[in-house]
Protein chains: 2
Amino acid sequence: MGTIYDLAKKTGFSITTVSKALNNYKDVSEKTRAKILQAAVEMDYLPNAHAQSLSTKKSWAIGVMFSEANEVGMKHPFFNGIIESFRHATEEQGYDLIFASRNLRNRDMSYLEHFKHRAVDGIVVICSDRMDEQVQELMRSDIPIVVVDMDSADCSVVYSDNIEGARLAVNYLYELGHRKIAHLAGDETTDAGTARVEGYKLAMQGLDLPIQPGYLVNAGFFSVEEGKQAMQQLLDLEDRPTAVFVAGDQMAIGAIEAIHENGLHVPNDISVIGYDDIEMIQYITPKLTTIRQDTDEIGEAAAELLLEQMTAKERSQERRIIPVKLIERASCAPVKE
Amino acid sequence: MGTIYDLAKKTGFSITTVSKALNNYKDVSEKTRAKILQAAVEMDYLPNAHAQSLSTKKSWAIGVMFSEANEVGMKHPFFNGIIESFRHATEEQGYDLIFASRNLRNRDMSYLEHFKHRAVDGIVVICSDRMDEQVQELMRSDIPIVVVDMDSADCSVVYSDNIEGARLAVNYLYELGHRKIAHLAGDETTDAGTARVEGYKLAMQGLDLPIQPGYLVNAGFFSVEEGKQAMQQLLDLEDRPTAVFVAGDQMAIGAIEAIHENGLHVPNDISVIGYDDIEMIQYITPKLTTIRQDTDEIGEAAAELLLEQMTAKERSQERRIIPVKLIERASCAPVKE
DNA sequence: CGAAGTACCGAAAGCGCTTTCGGGAAGAGG
DNA sequence: CCTCTTCCCGAAAGCGCTTTCGGTACTTCG
């Protein structure tokens with residue numbers, strides 16, 4: 001492959017000139033630049049990224065960190081859409097993504113430490129757990145950062161409009177005639193969870209609907225199983241709801257399972273509306289009506305915010321809230337009688 | 001954060017000694033090592049990875065490349081499971097994953113070039129397209145590599161036992177009494193596709209079942225939509241099959257949709273068995289019977305093969321075939337009458 | 001024809017680390 | 001007391017690149 005030094009020897013110029021030719025400095029004549037470039041392709045020379053980073057202090061790498069309760073990592077059906085879109089957007093600018101382990105030569109270290117070690121130019125964290133110590137540490141650092149799906153005053157964030165999403169869901173159910181509307185909530189340690197609860201309460205209030213006791217149940221961390229269990233609690237109630245707004249699609253799938261297992265029908269007996277619009281829900285029965293979060297937009301916005309900081313070389317504290325949309329499918333119906 | 005030089009100044013030792021202390025050389029006394037380590041935590045020193053890689057020629061990074069027809073990247077419901085497991089396994093050994101863009105400072109380059117530029121220690125490619133020029137190039141290089149889901153004599157590979165999987169599926173349908181068994185195949189440019197076709201033919205032959213004309217249809221690149229269209233072809237046949245073995249779960253979902261839209265019932269009218277066992281199929285109706293590929297095992301095997309090469313510093317050509325398993329759910333039933 | 005630009009090139013220092021090699025001090029052995 | 005080890009430590013070169021700064025050679029202009 002060869003180094004810049006080999007190129008110098010081959011062409012007869014100094015390594016300085018070679019480097020300049022390669023980097024489009026203008027104090028090198030067209031003629032010699034051409035020769036050097038030519039020689040470069042001949043010996044298919046490639047610059048060594050480490051050497052470059054060492055002297056320029058720029059690594060063209062972005063560290064990514066996931067933090068979610070279920071530890072599914074890239075299998076997360078919602079987060080992986082965001083990351084994919086983020087990747088596209090940053091790739092265009094020449095950045096690579098690095099997924100850091102927390103293990104440096106068998107020495108434990110925090111993500112922040114690892115990212116500093118790797119000298120990444122910026123960090124993206126996709127995080128649902130507000131309390132995550134590691135994430136806090138990252139946010140307090142001075143590396144450009146953007147966090148997705150969580151709010152914070154300390155750094156730039158992007159998340160979708162959870163309040164509005166909840167309002168959309170509740171109002172939609174209301175328009176279908178439902179009055180007994182329950183909410184299967186995401187855990188309050190997550191911003192998404194709490195915001196949707198807030199939106200639910202606000203919407204109910206705006207509609208002059210009381211929240212009956214037991215109608216607001218914490219369904220944990222957005223898993224199918226937790227959704228199922230939480231729905232069972234609703235079904236055990238004396239006065240069952242006729243519709244339920246579920247804070248996540250996977251939980252909604254669990255909820256529907258519970259309803260079916262109790263011999264009831266969705267949406268005829270109970271309407272269910274989810275949140276996220278992950279791919280699989282268009283294939284289940286009934287196809288799930290949901291609030292769509294635009295993963296593409298979220299990823300792009302995150303990329304944009306991070307890129308800005310990296311080029312400006314200063315941290316920002318911008319808040320980008322991405323609009324959501326109601327996707328009508330088949331899991332909601334007008335209330336009976 | 002400081003450099004090794006700062007540490008030297010602070011402790012009064014030379015940078016040589018500091019470096020040695022940090023790297024557990026034994027020609028530095030316990031006393032001075034302790035002092036240096038102490039000073040290191042005090043100024044929370046972290047070694048610069050680029051500088052280290054530059055002088056050691058080891059980057060502790062593994063390049064990952066996806067290559068699949070639908071360009072969904074990390075959203076791929078099967079591949080992302082593999083990558084996640086691969087990540088876990090390599091993380092334990094202290095490696096980071098890097099997803100390279102094909103764009104270096106707005107200069108196009110191949111993945112191989114980019115990986116060389118980044119000086120990764122190894123490469124994992126998850127690839128379904130046998131013809132991918134980029135993948136070919138990677139395989140021909142001298143960097144340690146492991147490729148998943150594809151066969152090759154040039155490098156170490158891991159994929160699951162597609163022949164056996166197909167046999168399992170066909171035999172299962174046979175035992176349910178089916179004789180008219182069709183196959184919705186993955187495209188022949190993919191190894192997984194062709195292998196399953198081969199397994200299908202072998203199994204049919206072993207059972208003395210002729211493959212009726214039109215019963216083997218290419219359903220393309222494993223998408224829902226393609227599965228649906230291919231199934232429609234089957235349904236348009238004079239003599240419809242009573243069971244169909246579909247080369248991928250997503251295609252199977254499409255197939256079921258097509259069947260339903262034609263007013264038929266799964267599994268009462270037609271049995272469907274899929275392949276992969278992606279998460280969502282346990283939530284559709286009917287729950288899909290399928291051949292499970294063990295993504296955890298595949299990822300781990302890939303990691304193992306790659307790690308071996310990286311420590312041995314020589315390429316291997318091992319072939320690791322991961323067993324598959326029939327997962328019985330609700331989309332297959334005994335043949336009618 | 002001399003002075004002031006202008007265009008092009010290279011020496012050298014520096015980025016932060018590793019590793020070889022040699023050397024001094026202390027202890028062991030005769 | 002002298003030699004031979006053993007134990008510690010440091011000088012220095014090197015990894016591959018960037019960038020400042022200065023220096024030639026050549027134009028241009030008055």
Side-chain angles (χ1 to χ4, degrees), chain A residues 1-37 39-40 43-61 104-105 107 113-121, chain B residues 1-37 39-40 43-61 104-105 107 113-121:
Chain A
M1 240 191 55
T3 73
I4 208 179
Y5 181 78
D6 299 321
L7 268 181
K9 196 157 55 175
K10 176 166 182 173
T11 59
F13 294 99
S14 72
I15 63 164
T16 306
T17 304
V18 171
S19 173
K20 285 181 180 171
L22 260 18
N23 290 295
N24 292 317
Y25 276 60
K26 55 224 156 188
D27 64 340
V28 32
S29 74
E30 268 318 316
K31 205 172 281 186
T32 83
R33 178 197 313 288
K35 276 188 202 161
I36 291 174
L37 261 33
M43 59 190 288
D44 52 38
Y45 165 82
L46 285 174
N48 178 307
H50 299 298
Q52 281 186 154
S53 302
L54 191 54
S55 71
T56 59
K57 265 113 177 36
K58 173 139 181 88
S59 64
W60 293 98
L104 172 62
R105 247 8 229 125
R107 195 178 320 294
E113 287 174 325
H114 203 128
F115 287 143
K116 282 188 169 175
H117 165 68
R118 284 276 182 198
V120 298
D121 296 332
Chain B
M1 238 192 53
T3 75
I4 209 180
Y5 181 77
D6 299 321
L7 266 182
K9 196 157 53 179
K10 177 167 181 173
T11 59
F13 293 99
S14 72
I15 63 164
T16 305
T17 304
V18 171
S19 173
K20 286 182 180 172
L22 260 20
N23 290 295
N24 292 317
Y25 275 60
K26 54 224 158 190
D27 65 340
V28 33
S29 73
E30 269 317 315
K31 206 171 280 185
T32 82
R33 180 198 311 290
K35 276 188 203 160
I36 292 173
L37 259 35
M43 59 190 288
D44 53 37
Y45 165 81
L46 285 174
N48 178 306
H50 298 298
Q52 284 186 153
S53 302
L54 192 54
S55 73
T56 60
K57 264 111 177 39
K58 173 138 181 87
S59 64
W60 293 100
L104 171 63
R105 250 7 231 119
R107 195 178 319 295
E113 288 173 326
H114 202 128
F115 288 142
K116 282 188 169 177
H117 164 68
R118 284 278 183 198
V120 298
D121 296 331

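Here is how names work: the chains are called A, B, and so on, in the same order as the sequence lines, proteins then strands, and each is numbered from 1. FYI, side chains are in, hydrogens and waters are out, and symmetry mates aren't considered; it's all heavy atoms of this structure.
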Might you point out which heavy atoms bring B:Ser59 and A:His50 nearest each other, and give the distance in Å?
CB-NE2, 3.6 Å
By nearest heavy atom, map B:Thr32 and A:Asn23 onto DNA chain D; which one lands nearer the 5' end?
B:Thr32
Would you list the pairs meeting salt bridge (charged side-chain N to carboxylate O under 4.0 Å, His left out) in which at least one residue belongs to residues 5-21 of chain B, sequence neighbours left out?
B:Lys10-B:Glu42, B:Lys20-B:Asp27
So, is A:Thr16 close to the C:dC9 phosphate, meaning a side-chain N or O under 4.0 Å from OP1 or OP2?
no
Contact class for A:Ser53 vs. all strands (heavy atom < 4.0 Å): base, sugar-phosphate, or nothing?
nothing
Heavy-atom contacts under 4.0 Å between residues 4-13 of chain B and DNA chain C, which residues?
B:Ile4
Of all residues at least two apart in sequence or in a different chain, which pass the side chain to side chain donor-acceptor pair (under 3.5 Å) check with B:Thr17?
B:Ser14
A:Lys58: partners by side chain to side chain donor-acceptor pair (under 3.5 Å), with sequence neighbours left out
A:Tyr95, A:Asp121
Could you work out, with side-chain contact (heavy atoms from CB on, under 4.5 Å) as the rule, every residue matching B:Ala8, not counting sequence neighbours?
B:Ile15, B:Val18
Applying side chain to side chain donor-acceptor pair (under 3.5 Å), name anything that partners A:Thr56, two or more places apart in sequence or on another chain.
none
At 4.0 Å (heavy atoms only), tell me whether B:Ser19 reaches a base, stays on the sugar-phosphate, or touches nothing.
base
How would you list, by chain and number, every residue that makes a salt bridge (Lys or Arg N to Asp or Glu O under 4.0 Å) with A:Lys116, sequence neighbours excluded?
none
Ranking B:Ser14 and B:Leu54 by the position along DNA chain D of their nearest nucleotide, the one closer to 5' is B:Ser14
For residues B:Leu7 and B:Phe13, determine if any side-chain heavy atom of one lies less than 4.5 Å from a side-chain heavy atom of the other.
no
To check you understand the geometry: which heavy-atom pair defines the closest contact between A:Ala39 and A:Thr11, and what is its length?
CB-CG2, 3.6 Å
Polar atom pairs between nucleotides 22-27 of chain C and protein, under 3.5 Å, N or O only, would you list them?
none

How far does OH of B:Tyr25 sit from OG1 of B:Thr16, to the nearest 0.5 angstrom?
10.5 Å
Distance col, row A:His117:NE2 vs B:Tyr45:OH, nearest 0.5 angstrom, shows 9.5 Å
So where does chain A start and stop touching DNA chain D, 5' to 3', when the test is distance under 4.0 Å to a non-hydrogen atom?
D:dG16 to D:dC21
Over its full length, what angle do the end axes of the helix from C:dC1-D:dG30 to C:dG30-D:dC1 make, each axis taken from five pairs and the result rounded to 10 degrees?
50°
For B:Ala49 and A:Arg118 the tightest heavy-atom approach is CB-CA, 4.0 Å
So which heavy atom on A:Ala51 is nearest to which on B:Leu54, and how close?
CB-CD1, 3.8 Å
